[in-house]
Structures are given as C-alpha cells and as structure tokens.
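Down below is the structure, laid out as structure tokens.
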2 protein chains.
Amino acid sequence: MAQIKDVAKQAGVSVASVSRVMAGHAGVSEATRQRVLDAVQALDYRPDLAARRLRSRRTDTIGLIVSDIRNPFFTEISRAVEDVAYQHRMRVILCNADEDPEKEALYLDLMRDENVSGVILSPTLPTLVRFRSSDYPFPVVLVDRCDRDTAADAVVLDNVDSAYRLTAHLIERGYRRIAFIYGVTSATGRQRHEGYVTAMATHGLETLAKGVPATVEAARAAASELARSRPLPDALAASNGLILLGLTEALREAKLRFPQPIALAGFDDLPWTRLVEPGITVIAQPTYDLGQAAIDLLLQRIAHPAQSVRRVVMRGELIERGSSAKRGG
Amino acid sequence: MAQIKDVAKQAGVSVASVSRVMAGHAGVSEATRQRVLDAVQALDYRPDLAARRLRSRRTDTIGLIVSDIRNPFFTEISRAVEDVAYQHRMRVILCNADEDPEKEALYLDLMRDENVSGVILSPTLPTLVRFRSSDYPFPVVLVDRCDRDTAADAVVLDNVDSAYRLTAHLIERGYRRIAFIYGVTSATGRQRHEGYVTAMATHGLETLAKGVPATVEAARAAASELARSRPLPDALAASNGLILLGLTEALREAKLRFPQPIALAGFDDLPWTRLVEPGITVIAQPTYDLGQAAIDLLLQRIAHPAQSVRRVVMRGELIERGSSAKRGG
DNA sequence: ATAATATTTGTAATCGTTTACAATTTATTT
DNA sequence: AAATAAATTGTAAACGATTACAAATATTAT
C-alpha cells in the first residue's frame, strides 16, 4: 500500500502538501495540487484512516442507539441516518439497547471509547429522566423520545396532539367506550396517553386506558382481557405499531371483527395495516424525515457546538381506513 | 483523559506491562497485573482505539453490505450480525447498496479504506458472477445469495428445494395453473424459479413464470396483468416477501379473494402474512440463524484464514395457511 | 529597486498505543 | 553455589497520518 510519503516523493513535494491536498485545505497552489492528484492516482493512494483519526482526533463517526432495529420505525430511522451520514463521508455505529437502560449506558460508554463525533439516541425512560448533555463528551440528539423539559436537541412527533386527533376521530365516528393500550415504560406511550386522556375528557367521556410493556405479547394479552370484559369496549386504540399488531392478533383470535363489534386504530402506518380487511386507521409518522432531521441536527451541532438547543416537532398524519368506519353507518 | 503512561506511572510499571495487561496477554505476573488493574480503575483509563488500531493494524470491525436494511429479511440478518459482533467486541459498519452494483463496489472500496477485519455481503447478480475472494484484502462471507460454483464462504437457504416444496404443495392441493412471479435480477429469485420449474415439470404441468424487478410495485403490476388474463391462473406464488406483498395488494385491488378464485403463496413469513385473511402460506426462512451463521463463519475465517471454503445451507420451512387450502375442498 | 506583505512550501514534532528486542529477575538443574 | 533455562519487565522504535512553525517564494505597495 502506498503511503503519504510515497505520494510526496512521486509528486516531488512534501508530505505536508499531500496532506493539505487530500484534506481539501486552502493554501496550496493549483500546480502542486495537480501534481499531487496525479501521484495519488498513479499510486492508487488511500489515506490510512486509523492514522488520520489518531492524529486529527476526529473519527467522523456517529453513534445511533435505538431499542431494536427490527422495529420498523427504527429501521426507517436508521436508513435515513445512514443515507445522510454517508453523503457527508461519515460512518454510523448502530446499537440495539433492547429497552434496557444498562445496555444503553454500556453503549454510550462505547461511544466514548470510539471517540464518536456525535450520537443519536432514542432513550428509555430512566435514561431520559436522568439525561444531561453535559454528561457526555460528544453532542447528543434525542430522537422519538423526549420530555417537555429535557434540555437537549431533539426530533419528535407531536405525540400529544396526534393521539388527541386519533381519539377525537374515533369519538366523532360515534365510538364512546374507547380503550387505549399504550406502552407505559416509554415517553411516547405516556405522551400519547396524555393526548387520549385530554380528548376523552374534552368530550366528557370516561377513560379506559391500559399501560403495558411495549411488546406484541403484552398487547395481545391486554386485548384478550379487554375482549372478555363486559360491557365490551367500542373501540381499541394502540400507542404504537407493536401494540397495534398485538391488538389485531388478539381480536382475530377472539373472532371479533372490526369496526363491528369493535373498532380499531393506532400509531404507525405499517404495510399490513392497509392489507388487513377493511384496513386499519392509523396515525402515520414521517419516519424517514424524523431520522433525516435528527442527523441534520446532529451535523449542525457538531459544526456549531455552541448554537442554541433546538427541538424539531413533526406532525403525525391521520389515515382513515375501514377499521374506524362510522358506527352504525 | 488518562493515557497508558499515566497508568504505568501510577502502577509503577512500564507502559509495556500495562499494554500487556489490557490486551490480556500472557507473561505478566499476577502481582503487576493487579497493580495495573488498580491503576486503571483509579484513573478510569480507557485505551485510545485510534492509536491501538493504527499500531496493531487491526480494527476489529466488520462490514455488512446489504441491499436495504428496510427489507425485513436484512433487518433480521443485521440484528443477528450485530448481536454476535458486539459479543466479540467487534463493531459493524452497515451499508445499503440498493441493489446497485456500483454502490456495492463503492462500499467494498470503503471497507478497504476502513481496513475492516472482514465483510458479510449479499451481492447483486453482476457482483456475484464476477466475485473472486482474492480481489479483496479481507475475508468475505456471502449471505443469502450465492451461485452453485462461487468459491467463497457462504450462508444460504435451500432455495431450489424450498421453491420445489412450495410448488409441490400447491399442486398437491389441487392447483394446476400456477404462476410464479420472481425477482429476475437476483440469484435467489432465479434459484427459486428453478425449483418451481422442476416441480411443475415433474408433475407434467406447464410453467407460467414472470420475472420482475424485485420491488412491490413491479410485482403489483405483474399480478394485475395476470389477474386480467384468461384463463385466470389457479394460484400465484412469489419468490420473496416484497413480491408477495405486491401480489397481495394487486389481488386485493382486483377484488380477487384467496384461495378462491385464486390461491396465494410465497417466501418469507412476515407478520402480515398471518394477519391477512385467511392467512398466507409461506416458506419461512430461519433469518436470524442465517445471520448468526454468517458472522460465525466470518469470525472463524478471520481466525483461520487458510481453512477450507465452507457453505452453510439452511432449510426453509413450509407454513401452510388458508391461502392455499385444498381446491374445491 | 526595496520593503512589506501574502502566499506557498517544507521540516519535524506529535497523536497514544503495540511490540520487537534486550535486560533483568526468578526458577530449575547440575 | 554456579550454570542454565524460563519468566517477567523495560526501552525505544514503530504505526501513518496531521499540523505547528519556520523558511522560502511570490506579490503588492512604496
């Protein structure tokens, strides 16, 4: 493998000049620039990244810590982050923390070891409540999950409003006993719960909410229980895609069709929500955009460490389908 | 940040001893080992990875190049690879090549720049036919896609056999005009097509196969066309999950239910195949296991560069659901 | 033409480890 | 107890770039 000194020799210049050309720095004449470029080409020279990273103390790497890449929401986020990162010649280290605060801490430690330029984090609730940017030697952008008063760059959905609109939609369609099954351990679940509660209260209805661990199994169990309760709820709403899947499976098992005797709605416009007859009403999240906004924000922060803290809030879009058709209509 | 020399001073030993202890090398007395460990603890010393990588010429990083992480198949693969990699204190660089040979080449080049320890690759057809291990300065394990005569470590499904079994199942259920829609640009699509053709021929049936780009849209278009053709096929079979989704959407749109007037089956046991009434018959791939086997193989290869070339073939499992219920039964 | 300034170039130190090799200490054999 | 072998330790040279800083050259102003 050719090294920088080989290039320097070939081009008849010093290693400093080669380095400057490679880095695209100013202050090098067009003549030498061309000679260096020719030499680079001739020798097929590629700078050694390890050496560069050691000396320059920059890794051009960012960390992405999510609960599980298999969650389609995070799959899409990760794709967006990687797209933008590679466009900026940065690398991404992806970590699955499995909703486990200890793993989260472990991976954040790893980020320190890797000397990353920045981190995008979707924190568990315990990590979120304790979160202080100053605890980390790198900038952090929160994505998807964030408290009202967390002092950190963040990109999130308008969770409270979206849940409000979803609930109001069900009410408007004539449903009254609306049960809300939500992930109690997550910030988003709680915020969406808040939107649900507000909507129900505004319309003078009693709430019927059930917090569960955010897994398909837990949601299925909760829905099975609700399916056996009397009086039966009119409608079931889920705070995210995983839970919605659990509800759908449970209703199917209990042979309860929707919208009659029970309507169904939830978060996340996954491919199957369109396929399951007669289609499931959902709040669609602009997932790719959320990821893109997160990495954009992080890159900005890396470039300007002192800029003021930013929060990007994106709007969820209600997609009405058959599962919430007008009651008795 | 504490450096190795600080630790050495604190422990009253040389930097070499510290390095040896950190690397877990033999040939250091228990006494100094303990002193070093104490000093490390006291100073919260973490070795600088950039320096270590420069000097040792090892990055403990592996590359994973797939078409698109949003394909649930690759999502699962990537999760498996990351799980095992982190267990071995290795990092993963994930790349989405979007079925584009040029991007693939680009990313393989990037892997060289990163000086990775090895790569797991799911190649496009053009890359596969040209593939020679010796073209790369790192070991490569192919996953999902591999030719009969490619001389490289690989982990794949028994594509031909699985497609044969899926087709035979439809035949056994009484279907005769079975159309096979497959990804013509991929190695797996072609192999599965081969299994389909063999099964049809064995049973003295005429084939009705349609190769398409492996996208939901292309599959939908192909299925719409088939749905308008006369005589109508008895059954539609898809060579992968994306195509199966396209077929399902097209049938839905054409208001054709399954299994009557048209049966449906395909590859990949995605969550929605269970939910769409009356359930879709599929070949389930042991996806996580495939990923795990790939990284296991790669780690072995890294440890023993000269060991003989290995191929791991895993069996697909037929899951019978309502979409292929006995005809007229 | 000279001085002052701006631009371009080169030299050499530096980033923080690992590791070859030599030196030392400890254990074993005679 | 001396000689030999084995185990442990330390010294210093890498690894291959970047980047202060100084030196050289080119440009502009007087």
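Note that the structure is a prediction, hence the values are computed from the model and not measured. To find a chain, count down the sequence lines: A is the first, B the second, and so on, and within it residues start at 1. What you see below is based on every heavy atom in this structure, not just the backbone, and it leaves out hydrogens, waters and symmetry mates.
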Problem set entry | No-hydrogen, no-angle side-chain donor-acceptor test under 3.5 Å, B/E104 and B/T124 | yes
Problem set entry | Salt-bridge present (A/E30, A/R33; N to O < 4.0 Å) | yes
Exercise. Within the side chain of A/N96, is there an N or O that forms a donor-acceptor pair under 3.5 Å with the backbone of A/D98?
Worked result: no
Exercise. Between B/T150 (side chain) and B/A152 (backbone), is there a donor-acceptor pair under 3.5 Å?
Worked result: no
Exercise. Should we say atom NZ of A/K103 is surrounded by more than 12 heavy atoms from elsewhere, each under 6.0 Å from it?
Worked result: yes
For this session: Check whether any side-chain N or O of B/R70 sits under 3.5 Å from a backbone N or O of A/E76 as a donor-acceptor pair, and report yes or no.
Result: no
For this session: State whether the side chain of B/T61 and the backbone N or O of B/V92 hold a donor-acceptor pair below 3.5 Å, judged by distance alone.
Result: no
Exercise. Dot-bracket for DNA chain C, 5' to 3', counting Watson-Crick or G-U wobble pairs under 3.5 Å, with [ ] for crossing pairs and | for inter-strand pairs?
Worked result: ||||||||||||||||||||||||||||||
All N/O contacts under 3.5 Å from nucleotides 14-19 of chain C to the protein, with atom names and distances to one decimal?
unit_1	atom_1	unit_2	atom_2	d
C/dT14	O2	A/R55	NH1	2.7
C/dG16	OP1	B/Q3	OE1	3.4
C/dG16	OP2	B/Q3	OE1	3.0
C/dT17	OP1	B/Y45	OH	3.4
C/dT17	OP1	B/D48	N	3.4
C/dT17	OP2	B/I4	N	2.9
C/dT17	O5'	B/Y45	OH	3.0
C/dT17	O5'	B/D48	N	3.4
C/dT18	OP1	B/R52	NE	3.1
C/dT18	OP1	B/R52	NH2	3.4
C/dT18	OP2	B/S19	OG	2.5
C/dT18	O2	B/R55	NE	3.4
C/dT18	O2	B/R55	NH1	2.7
C/dT19	O4'	B/R55	NH2	3.4

Exercise. If you walk 5' to 3' along DNA chain D, what is the first nucleotide with an atom under 4.0 Å of a heavy atom in chain B, and what is the last?
Worked result: D/dT8 to D/dG16
Exercise. Donor-acceptor pair, B/R145 side chain versus B/P123 backbone, under 3.5 Å?
Worked result: yes
Problem set entry | Residue A/R130 excluded, over 12 heavy atoms near CZ under 6.0 Å | no
For this session: Quickly, which of A/R301, A/Q307, A/Q300, A/R310 forms a side-chain hydrogen bond (donor to acceptor under 3.5 Å, both in side chains) with A/D153? Name it, please.
Result: A/R301
